[in-house]
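To start, the structure under review is shown below, and the notes come after it.
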Amino acid sequence: MSNLRHLLHSWISGRVNLMSLVTKQKEKLAELIKEALINAKSSGELSFEEIPEIELEIPREKQHGDFASNIALTMARFVKKPPRVAAEIIVSHINDREFLEKVEVAGPGFINFYLGNNWLYDVLKTIQNQGNQYGNSDLFRGKKLLLEFVSANPVGPMNVVNARAAAIGDTLARIFKAAGYDVATEYYVNDAGNQTNVFARSLEARYLQVAGIDCEFPEDGYPGEYVTELAEVLWNENPGLLNLPEEERLEVIRQWGIDQMVEMQRADLAQFGVEFDRWFSEQSLHKEQALEKVMALLDERGFIFQAEDATWFKSTEFGDDKDRVLVKSDGSYTYVTADIAYHYDKLKRGFTKLLDIWGPDHHGYIARMKAAIQALGYSEDTLEVLILQYVSLLRDGQQVKMSKRAGEFVTMQDLLDEVGKDAARYFFLMRSPESHLDFDLTLASEQTNENPVFYIQYAYARICSILRQAQEMEVEIVNIDQAPLHVLTEDIEIDLMKKLADLPDEIRIAAENREPHRIARYALDLASLFHSFYNHCRVLGEEEPIKQSRLNLIKSVQVVLSKVLDLLGIDAPERM
RNA sequence: GCGCCUGUAGCUCAGGGGAUAGAGCAUCGGACUUCUAAUCCGAGUGUCGCAGGUUCGAUUCCUGCCAGGCGCGCCA
C-alpha cells in the first residue's frame with residue numbers, strides 16, 4: 001500500500017516537474033486572480049456570471065512586471081465597469097502577499113505582477129536536476145508520429161532544398177521527442193518510377209561511351225557529371241556487362257545505379273547529422289502487391305472508376321479539384337498510386353499522425369493525398385504536410401545561378417564542403433520553414449563574429465573555459481542546493497535566468513506549431529545574454545558567495561546551450 | 001484562371017490579440033595589465049504592401065486588392 005502511494009506520489013511529482021516553472025507561476029497567479037474574483041463577487045463589488053479563462057503573459061517591457069493579466073480588460077464589458085476600476089477591485093482582493101512582491105494596475109487596465117527572484121533560482125535548480133532532460137515535456141505522450149522527409153529521387157545528387165528539408169525534418173524530430181512524441185523518421189526511396197528508367201539509360205549510355213562504344217546519349221537523359229563518374233566506376237568494376245542482353249544489362253545497371261545513389265545520399269545525410277529510422281523502398285510496395293491491395297480497398301469503398309482506358313481515383317469526393325489517374329492507359333501505375341499505398345502502410349503500422357515535409361513544387365499534391373487518406377477511412381488531419389519554400393544561394397551578394405538542365409547546380413555535398421555541417425544546419429533552421437530563404441554562403445563560411453553559429457558556439461566554449469579554469473584553480477563548486485543563489489541580483493543575471501526559464505515553453509510551442517526556427521532564435525538570444533553577462537560580471541575571482549552562485553548559473557547556461565545545440569544538431573565545442 | 005508562399009528599418013529577418021514594433025548586418029563612437037575582443041556598451045532609422053471587417057485593443061485573426069517567388073501532367 002505504501003509502495004503504491006509512493007509510486008503514485010512520484011508519478012504525480014514527475015508530472016509536476018515536467019510542467020515548466022513559467023507555467024507554474026502562471027497557474028499560481030491565475031488561481032490568485034480567481035480567488036480575488038470570487039471574493040469581489042461575494043462582496044458585491046463585481047457582478048458576473050462565470051469566471052472566464054484567465055490568461056497570463058510575460059510583458060515585453062520589464063517595467064510591466066514579471067507577468068501581466070488582461071482579465072480586467074476582457075471582463076470590463078460583463079462587470080459594467082471601466083477596465084482600470086475593475087482591475088483595482090480585483091487587486092484589492094488579491095491575498096498572497098508573500099508570493100507577490102508587488103501588484104500594480106497599469107496602462108488601459110492590465111494587472112502587473114512582480115514576483116521577486118526566488119522562482120528563478122528554482123529554475124537553476126531544476127536545470128541542474130534534470131540535466132539534458134530539462135525542457136522536455138509529456139505534451140504529446142502516447143502519440144505515434146511518422147515524420148517523412150527529404151525522400152529525394154535516387155537518380156541524382158541531393159540539392160539545397162533537400163538539404164533544407166533534412167535540417168528541418170531532423171530538428172523537428174528532435175523537438176518532437178523532447179515534447180513527448182513517439183516519433184519515427186522515414187525516407188521514401190522512389191526506386192521504381194519512370195525516372196529510374198531515364199537514369200538507367202543515361203548511365204548505360206555513359207557506360208558504353210566509357211567502353212569506347214559510340215552511343216547516343218538519350219535526349220531526356222541526365223547530363224550531370226556524376227552519371228559519367230558512376231559509369232567509370234561501373235566499367236572498372238564490371239566490364240562484363242557489355243556481353244549481357246540489352247534488357248538484362250539495363251536492369252542490372254538500374255539497380256546498381258540506384259544502390260549507389262542511395263548509399264551516397266545516406267552518407268551525405270549522415271555527414272549532415274541526419275539519420276533515418278528507416279529507408280522505405282517503393283519497390284518493396286510493388287513486390288508485396290501493396291498498390292493492388294490499396295486500390296481494391298478504394299474500389300470497395302466506391303472511389304474508383306474507369307474512364308478513357310485508365311483507372312481513376314475519385315479524389316474530388318474529398319475536395320480535390322480533379323480526379324486522379326491511378327493506372328495509366330498503358331497499364332502502368334502513376335506516382336500517386338504508390339504513394340497512397342505507402343501512406344496506407346504507415347497508417348497500418350499504427351501511426352496516428354503522418355507528417356510529411358515536401359518541396360514547394362509538390363504543394364498541389366496535398367489535396368489528392370489528403371483525399372486518399374480520407375477515402376481510406378482516416379480523418380483529414382491524420383496527414384499533415386509541411387511545404388518548404390525555395391532556397392536561393394548568395395555568394396558575395398550575388399545570386400548563384402543554377403541550371404538543372406545543364407547539370408549545373410549546387411548539391412548538398414557542395415554546401416557541406418563550402419560551409420560545413422554546423423553553419424549549414426543553422427542557416428536552414430534560422431528561418432521559418434515556409435518562408436523563402438536567402439542562404440548567404442559567404443557569411444556562412446566566415447569564421448567571424450558575424451556568423452551566428454560561431455557566436456552561439458563561442459558562448460558555450462567560454463563557459464567551458466571558465467569551468468576548466470575553476471577546476472585548475474581547484475575551486476570546489478558547491479551543489480546548487482547549497483549555493484547562495486539570492487546574491488544573483490544583477491539585471492543581466494535576472495534576464496539570463498528568465499531566458500533559461502523559457503526553454504520548456506519554447507520547445508512546446510516549436511513542437512505544436514512545427515517551428516524549429518524558434519529554437520535557433522532561442523539559442524542566439526541565450527548566447528547573446530550570456531556574452532553580455534560575461535562582459536558585465538566576473539565569475540572567478542569574486543567573493544565566495546557570488547563566485548559559487550555564478551558558477552552554478554553558468555553551469556545551468558551550459559546545460560541549456562548544450563540542449564538547444566543538440567536539438568539543432570550542431571556541435572557544442574569545448575574550446576574554440 | 002486556380003492554388004501555395006512571401007511583403008515589417010538601407011539589407012537579411014524575428015515578432016502566439018496587448019502597453020512605446022525588435023535583432024543581426026551596414027554606419028558612427030567607446031571598452032582588453034582582469035575568467036577567450038569569434039565578445040561587450042552606446043548612438044537612429046519604420047505610412048508593419050493597400051483598403052475594409054471582427055475586437056475594449058490588430059503587425060498578429062477574416063475578406064478583398066496590389067506586388068514578388070513558385071506550382072497547376074495518364075512526370076516523379
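Just so it is clear: chains get the letters A, B, ... in the order the sequence lines come, proteins before strands, and each one is counted from 1.
- Each of Glu434(A) and Ala510(A) has a nearest nucleotide on RNA chain B; the 5'-most of these lies closest to Glu434(A).
- The separation of G49(B) from G42(B), taken at their C1' atoms, amounts to 34 Å, rounded to a whole angstrom.
- Note on Gln457(A): nothing from the nucleic acid sits closer than 4.0 angstrom, heavy atoms only.
- Ser432(A) comes within 4.0 angstrom of the backbone, heavy atoms only, and of no base.
- Rounding to whole angstrom units, OH of residue Tyr365(A) and C1' of C5(B) are separated by 21 Å.
- In this structure, of A19(B), G15(B), C74(B), it is A19(B) that holds the atom nearest to the side chain of Pro108(A).
- Computed from coordinates, the Phe113(A) CZ to A19(B) C1' distance equals 16 Å when rounded to whole Å.
- Not one side-chain nitrogen or oxygen of His531(A) sits closer than 4.0 Å to the OP1 or OP2 atom of A37(B).
- Side-chain atoms of Arg521(A) lie closest to C13(B) of the nucleotides C13(B), G3(B), A76(B).
- Counting all heavy atoms, side chain and backbone alike, Arg164(A) lies closest to Ser435(A) at NH2-O, 2.8 Å.
- Closest to the side chain of Pro59(A), from the set A19(B), C74(B), C4(B), is A19(B).
- In this structure, His536(A) reaches the sugar-phosphate backbone alone: every heavy-atom distance under 4.0 Å involves primed, P, OP1 or OP2 atoms, never a base.
- Contact annotation for Asn112(A): base contact, defined as any heavy-atom pair under 4.0 Å involving a base atom.
- Residue Glu474(A) contributes atom CD, which lies 20 Å from atom P of C35(B) at whole-angstrom precision.
- Pairing for C61(B) is with G53(B), a Watson-Crick or G-U wobble pair whose two hydrogen-bonding atom distances lie under 3.5 Å.
- Across the strands present, C25(B) finds its partner in G10(B); the criterion is a Watson-Crick or G-U wobble pair with both atom distances under 3.5 angstrom.
- Nucleic acid contact class of Cys537(A) (heavy atoms, under 4.0 Å, all strands): base.
- Remark: P of C35(B) and CZ of Phe533(A) are 14 Å apart, rounded to the nearest angstrom.
- Contact between Arg425(A) and Ile570(A) at its shortest, heavy atoms only, is CB-CG1, 4.4 Å.
- Between Ser69(A) and Leu524(A), the residue anchored nearer the 5' end of RNA chain B, judged by the nucleotide with its closest heavy atom, is Ser69(A).
- Between Asp495(A) and Lys498(A), none of the side-chain N atoms (NZ, or NE/NH1/NH2) sits under 4.0 Å from a carboxylate O, so this pair counts as no salt bridge.
- Within the shown strands, C72(B) is the pairing partner of G1(B) under the Watson-Crick or G-U definition, both distances less than 3.5 Å.
- For the atom pair Leu488(A) CG and Leu553(A) CG, the distance stands at 5.5 Å (nearest 0.5 Å).
- OP1 or OP2 of C74(B) has not a single side-chain nitrogen or oxygen of Arg324(A) nearer than 4.0 Å.
- Counting distance only, with no hydrogens placed and no angle test, the side-chain atoms of Ser329(A) and the base atoms of C74(B) include a donor-acceptor pair under 3.5 Å.
- C11(B) atom P lies 22 Å from atom CZ of Phe439(A), rounded to whole Å.
- Ionic pairing of Glu493(A) and Arg550(A) is present here: one or more N-O contacts between side-chain nitrogen and carboxylate oxygen are shorter than 4.0 angstrom.
- With C1' as the reference atom, C48(B) and U6(B) are 14 Å apart, rounded to whole Å.
- Contact of His436(A) with C5(B) (side chain to base): a donor-acceptor pair of N or O atoms is detected under 3.5 Å.
- Look at CG on Leu540(A): it is 5 Å from C1' on C35(B), rounded to the nearest Å.
- Using cut-offs of 30° and 60° on the angle between ring planes, the pair Phe427(A) and Phe439(A) is tilted.
- An OP1 or OP2 oxygen of C74(B) is reached within less than 4.0 angstrom by no side-chain nitrogen or oxygen of Lys322(A).
- Between the base of G18(B) and the side chain of Asn70(A) there is a donor-acceptor pair shorter than 3.5 Å.
- Taking every side-chain heavy atom of Thr334(A) into account, A76(B) is the closest of G69(B), A76(B), C56(B).
- For Gln389(A), the side-chain atoms get nearest to C4(B) when compared with the rest of C4(B), A76(B), G15(B).
- A donor and an acceptor atom, one from each side chain of Glu186(A) and Tyr342(A), are located under 3.5 Å apart.
- For Ser435(A) and A14(B), the shortest distance from a side-chain N or O to OP1 or OP2 is below 4.0 Å.
- Comparing atom distances between the Phe110(A) side chain and each of A19(B), G71(B), C35(B) picks out A19(B) as nearest.
- For Tyr534(A), a side-chain nitrogen or oxygen approaches OP1 or OP2 of A37(B) to under 4.0 Å.
- Close to C56(B), at under 4.0 Å from its OP1 or OP2, lies a side-chain N or O of Arg77(A).
- More than 12 heavy atoms of other shown residues, nucleotides or ligands fall within 6.0 angstrom of atom CD in Glu57(A).
- If you check C40(B) for Watson-Crick or wobble pairing at under 3.5 angstrom, you find it paired to G30(B).
- Between His64(A) and A19(B), a base-stacking contact is recorded: ring centres under 5.5 Å apart, planes less than 30° from parallel.
- Residue Gln63(A) is classed as a base contact, given a heavy-atom separation below 4.0 Å to a base.
- Computed from coordinates, the His362(A) NE2 to G73(B) P distance equals 13 Å when rounded to whole Å.
- Here the nucleotide nearest the side chain of Ala106(A), chosen from U12(B), A19(B), C41(B), is A19(B).
- Nearest heavy atoms, Ile54(A) versus Ala30(A): CD1-O, 3.6 Å.
- The side chain of Arg462(A) contributes an N or O atom lying less than 4.0 Å from OP1 or OP2 of A37(B).
- For the OP1/OP2 pair of G24(B) and a distance below 4.0 Å, the side-chain nitrogens and oxygens of Ser528(A) include no atom meeting the criterion.
- No engagement by Arg468(A) is indicated, since no non-hydrogen atom pair under 4.0 Å with the nucleic acid exists.
- Here Ala367(A) lies out of heavy-atom contact (under 4.0 Å) with every strand.
- Of the candidates C56(B), A76(B), G69(B), the closest approach to any side-chain atom of Gln195(A) belongs to A76(B).
- Rounding to whole angstrom units, CZ of residue Arg254(A) and P of A76(B) are separated by 13 Å.
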